[in-house]
Amino acid sequence: MTIIGIPAGWPADEGAARDVQRELRERLVLGESGPPPGEGHVTGLDVAYDDERDLVAAAAVVLDARTLDVVEEATAVGRVSFPYVPGLLAFREIPTVLAALGALTADPGLLVCDGYGLAHPRRFGLASHLGVLTGRPSIGVAKNPFTFTYEQPGDARGDFAPLLADGEEVGRALRTQAGVKPVYVSVGHRVSLDNACAHTLLLSPRYRVPETTRHADSLCRRALKEAQGSLGSV
DNA sequence: GCGACAG
DNA sequence: ATCTTGTCGC
């Protein structure tokens, strides 16, 4: 586990964060198809919080995209540097997530984030921030709808319905398991929406949520508990 | 102006 | 995200 400080120049308030978001948005690359689904590596990212103790733990788990076997894991623990503000989630998660990513030795391949990319009020969510900041292809797979309306997709695995904003398809509600609530997929950086959905389906052979997120979720929770333990409990 | 709103 | 018991099911 690596322990981090907050990066110099990282926005500390909402106004500064919106400025940074706008600047990063200009470096967003759309229109690339991205890595072929089922090949190379895919990396799941997730974060757990203890606001009481001002602790945040992030995990990055690299999987073999074909077998879904774990290739490498890394974690990082830091201080909470930003409150949860809808639309600015990235600023709460990114410092620690980047530290965990930086601790990896394997090629991360496609970054699979917990949250949205293009499907965001300003078309630039967490997955897009992480893609742009690392230069890597990224997608967002969220467990809850944000501010988008959509038709219910069909009941079969693979059925989907567009998430619409201003008449544009900014993401998809994608059924990864028959008869189970869909996940919400959007493009982060340098990946097409079709491929983002194809990746998501391949990563979810058995459960609603992709294996990448499942691994990252359990790992960051463990990392948080370790950090809590090493600080003593009340 | 007020409410809703990824994690 | 997080707070939380039991419970149904493979």
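Evaluation of the side-chain contact (heavy atoms from CB on, under 4.5 Å) rule for A:Ala16 yields A:Pro11, A:Asp13 as partners, not counting sequence neighbours. Scored by the salt bridge (Lys or Arg N to Asp or Glu O under 4.0 Å) test, A:Arg157 finds no partners at all (sequence neighbours excluded). Residues that satisfy the side-chain contact (heavy atoms from CB on, under 4.5 Å) test with A:Arg222, not counting sequence neighbours, are A:Ser218, A:Leu219. The side-chain contact (heavy atoms from CB on, under 4.5 Å) check on A:Val180 picks up A:Gln177, A:Arg208, with sequence neighbours excluded. A:Ala58 pairs by the side-chain contact (heavy atoms from CB on, under 4.5 Å) definition with A:Val47, A:Thr96, A:Val97, A:Ala100, not counting sequence neighbours.
Salt bridge A:Arg22/A:Glu26: absent, no basic N to carboxylate O contact under 4.0 Å. Salt-bridge annotation for A:Lys143 and A:Asp114: present, with a side-chain N of the basic residue lying under 4.0 Å from a carboxylate O of the acidic one. The residues A:Arg172 and A:Asp159 are annotated as not salt-bridged, no charged nitrogen and carboxylate oxygen being separated by less than 4.0 angstrom.
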Exercise. Checking salt bridge (Lys or Arg N to Asp or Glu O under 4.0 Å) for the pair A:Asp50/A:Lys225: CA distance, chi angles, key distance, verdict?
Worked result: CA-CA 9 Å; A:Asp50 179 348; A:Lys225 284 187 178 177; over 6 Å; no
Exercise. For A:Glu32 and A:Ser192, what are the C-alpha separation, side-chain angles and deciding distance, and is it a side chain to side chain donor-acceptor pair (under 3.5 Å)?
Worked result: CA-CA 6 Å; A:Glu32 288 184 18; A:Ser192 69; over 6 Å; no
For this session: Given salt bridge (Lys or Arg N to Asp or Glu O under 4.0 Å), test A:Arg136 with A:Asp107 step by step and report yes or no.
Result: CA-CA 10 Å; A:Arg136 298 184 169 283; A:Asp107 178 347; 3.5 Å; yes
Exercise. When every nucleotide of nucleotides 4-10 of chain C is labelled 5' to 3' by its protein contacts under 4.0 Å (heavy atoms), B for base, S for sugar-phosphate only, - for none, what sequence of letters results?
Worked result: -------
Seminar exercise, completed: Under a 4.0 Å heavy-atom criterion, the protein footprint on nucleotides 2-7 of chain B, written with B, S and -, is ---BBB
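Contacts between residues 158-180 of chain A and DNA chain B, counted as heavy-atom distances below 4.0 Å, involve no residue at all. For the segment residues 208-219 of chain A, the set of residues with a heavy atom within less than 4.0 Å of an atom of DNA chain B is empty.
Side-chain atoms of A:Ser128 come within 3.5 Å of backbone atoms of A:Gly188 as a donor-acceptor pair (strictly under, hydrogens ignored).
The ring-ring contact (aromatic ring centres under 6.0 Å, His included) contacts involving residues 72-113 of chain A comprise A:Trp10-A:Phe91, A:Phe82-A:Phe91, A:Phe91-A:His129, where partners must be two or more places apart or lie in separate chains.
The side-chain contact (heavy atoms from CB on, under 4.5 Å) with A:Val141 is formed by just one residue from the set A:Pro210, A:Cys197, A:Ser186, A:Cys113; it is A:Pro210. Partner A:Thr200 forms a side-chain contact (heavy atoms from CB on, under 4.5 Å) with one of A:Thr213, A:Ile139, A:Asn195 and no other, that one being A:Ile139.
Judged by distance alone, the side chains of A:Glu93 and A:Tyr49 do bring a donor and an acceptor atom under 3.5 Å apart.
Listed by first residue number, the stems of DNA chain B with at least three Watson-Crick or G-U pairs below 3.5 Å amount to none. In DNA chain C, no stem is built from 3 or more consecutive Watson-Crick or G-U wobble pairs with both distances under 3.5 Å.
Within 6.0 Å of CZ on A:Arg66 lie no more than 12 heavy atoms contributed by other residues, nucleotides or ligands.
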